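Naming convention: chains lettered A, B, ... in sequence-line order (proteins, then strands); numbering from 1 in each chain. Please read all numbers here as calculations on a predicted model, not as lab measurements.
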There are 2 protein chains.
Amino acid sequence: MPTPDRTSLAEIVDAGRAVLEDGGLSRLTMQSVAERVGVRAPSLYKRVRDRDALIDAVVAATIDDLTDRLEASDRSLEGLASAYRAFAHERPEGFRLIFATRQPQTALDRASVAILDTARGLVGEDRSLEAARLVTAWATGFVQMELAGAFQLGGDLDDAFAFGVAALRRGLESV
Amino acid sequence: MPTPDRTSLAEIVDAGRAVLEDGGLSRLTMQSVAERVGVRAPSLYKRVRDRDALIDAVVAATIDDLTDRLEASDRSLEGLASAYRAFAHERPEGFRLIFATRQPQTALDRASVAILDTARGLVGEDRSLEAARLVTAWATGFVQMELAGAFQLGGDLDDAFAFGVAALRRGLESV
DNA sequence: ACCTGAACACCGTTCAAGT
DNA sequence: ACCTGAACACCGTTCAAGT
């Protein structure tokens with residue numbers, strides 16, 4: 001006798017993201033997600049292989065949202081960079097998790113395209129991949145260090161970020 | 001009746017680092033560290049407040065080693081950058097953990113000095129802090145993405161790294 | 001077909017009892 | 001003064017039994 005579904009994969013992933021932002025990865029337990037969704041922990045295993053798979057799904061959803069933001073920016077170097085940083089500030093735990101997991105992140109493909117387009121406009125086709133990697137690495141590292149509290153020598157972080165984009169633009173335009 | 005010490009804080013931290021590189025953070029359990037040190041898990045609590053404090057100590061020791069490497073480099077922009085990257089390749093889990101923990105990282109002070117010196121030589125006193133942050137953010141992000149397998153569009157990563165340092169030098173020299 | 005309680009393995013942590 | 005086994009709380013996961 002079929003029972004009506006009491007939840008769904010999408011609802012579980014959303015609950016996982018909410019719990020993650022609330023309390024960090026260590027609070028992202030099967031029990032806390034189940035409770036938020038109104039079900040018992042063992043029921044989650046009907047939709048999700050295990051906790052790691054749930055975490056992967058949370059990462060994938062986060063990357064999707066991040067990509068939407070990049071695509072919605074003005075696509076300039078400055079626009080991409082600040083959209084990236086703003087997203088990380090909004091969802092610090094989710095952002096952090098993207099680079100804390102080791103897996104085939106084909107979900108990053110869409111984001112790569114947006115950044116590559118802008119990079120191509122700055123340095124041309126030949127060096128666009130390297131230029132995109134420069135910009136992405138810098139933005140990723142900046143935000144991660146910011147979130148980790150690793151910038152401890154004072155100074156204004158907004159200034160440092162603006163200085164960084166400007167220097168990158170100069171460095172790339174002189175290729 | 002005093003018992004002779006069967007271990008020490010330093011030995012525990014070293015064991016923690018070894019276990020970490022072997023199996024990642026999730027394998028860094030009190031039990032695995034205790035076993036490696038030849039003691040039962042509860043005994044660790046005589047030297048270490050809890051697992052988080054052990055992790056903090058592992059991070060601090062890792063930052064110390066990293067700083068030694070930076071100081072032992074030729075102190076050029078290129079030398080610092082490749083020393084940084086080489087260290088991350090040697091101790092990927094330890095490196096990763098540095099920016100995965102949120103805490104007062106005064107241990108980063110020594111490393112900051114080395115990078116600031118080099119940055120000052122490139123852009124002068126006024127913008128040295130921002131320049132140091134640009135370089136550190138880029139190197140950190142590059143290596144983290146590399147370790148996470150986030151560079152998935154082919155191309156040579158050594159090339160991309162060299163391209164990055166060169167572009168940063170140009171961007172900074174034209175301040 | 002989905003949901004649950006019970007059960008098991010494992011981990012962090014405390015503590016009384018050993019030496 | 002350090003070390004240990006026993007115990008407790010908590011978590012991930014499986015599974016037989018419910019609907």
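- Rounded to whole angstrom, the span from the CD atom of A/Gln31 across to the C1' atom of D/dA9 amounts to 11 Å.
- Under 4.0 Å is where a charged nitrogen must lie from a carboxylate oxygen, and between B/Glu11 and B/Arg36 no such pair does.
- Side-chain atoms of B/Leu54 and B/Asp50, non-hydrogen and from C-beta on, never get closer than 4.5 Å to each other.
- Nucleotide D/dG18 holds its C1' atom 13 Å from the NZ atom of A/Lys46, rounded to whole Å.
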Annotated structure of DNA chain D as dot-bracket, pair cut-off 3.5 Å, Watson-Crick or G-U only, | for inter-strand, is ||.|||||...|||||.||

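- Side-chain proximity of A/Asp50 to the nucleotides D/dT13, D/dC2, D/dC11 is greatest for D/dT13.
- Set against C/dG5, D/dC3, D/dT13, the side chain of B/Val39 has D/dC3 as its closest nucleotide.
- Counting to the nearest Å, the C1' atom of C/dC2 and the CG atom of A/Leu44 are 12 Å from each other.
- For C/dG12, one of the phosphate oxygens OP1 or OP2 lies less than 4.0 angstrom from a side-chain nitrogen or oxygen of B/Arg51.
- We find that A/Arg110 and A/Asp68 are joined by a salt bridge, their nearest charged nitrogen and carboxylate oxygen being less than 4.0 Å apart.
- Counting side-chain heavy-atom gaps under 4.5 Å among Ile, Leu, Val, Met, Phe, Trp and Tyr, the cluster of A/Leu129 also holds A/Leu116, B/Leu153.
- Between D/dT4 and B/Ser43, a contact under 4.0 Å exists linking OP1 or OP2 to a side-chain N or O.
- Between B/Phe99 and A/Phe99, a ring centre-to-centre spacing not shorter than 6.0 Å is recorded.
- The ring pair (Phe, Tyr, Trp, His ring centres under 6.0 Å) test applied to A/Phe87 returns no partner, not counting sequence neighbours.
- Counting non-hydrogen atoms under 4.0 angstrom, A/Arg47 reaches the backbone sugars and phosphates but no base.
- Nucleotide D/dC2 holds its C1' atom 15 Å from the CG atom of B/Leu9, rounded to whole Å.
- Computed from coordinates, the B/Glu35 CD to D/dC3 C1' distance equals 17 Å when rounded to whole Å.
- Side-chain contact between B/Phe161 and B/Glu146: absent, with no pair of heavy atoms (C-beta onward) separated by less than 4.5 Å.
- Residue-to-nucleotide proximity on DNA chain D shows that, of A/Pro42 and A/Ser26, the 5′-proximal contact is made by A/Ser26.
- Following rounding to the nearest Å, A/Arg6 (CZ) and C/dT4 (C1') show an atom-to-atom distance of 9 Å.
- The side chain of A/Tyr45 lies closest to D/dT14 when the candidates are C/dG12, D/dC3, D/dT14.
- Between the CZ atom of B/Arg40 and the C1' atom of C/dT13 there is a distance of 16 Å, rounded to whole Å.
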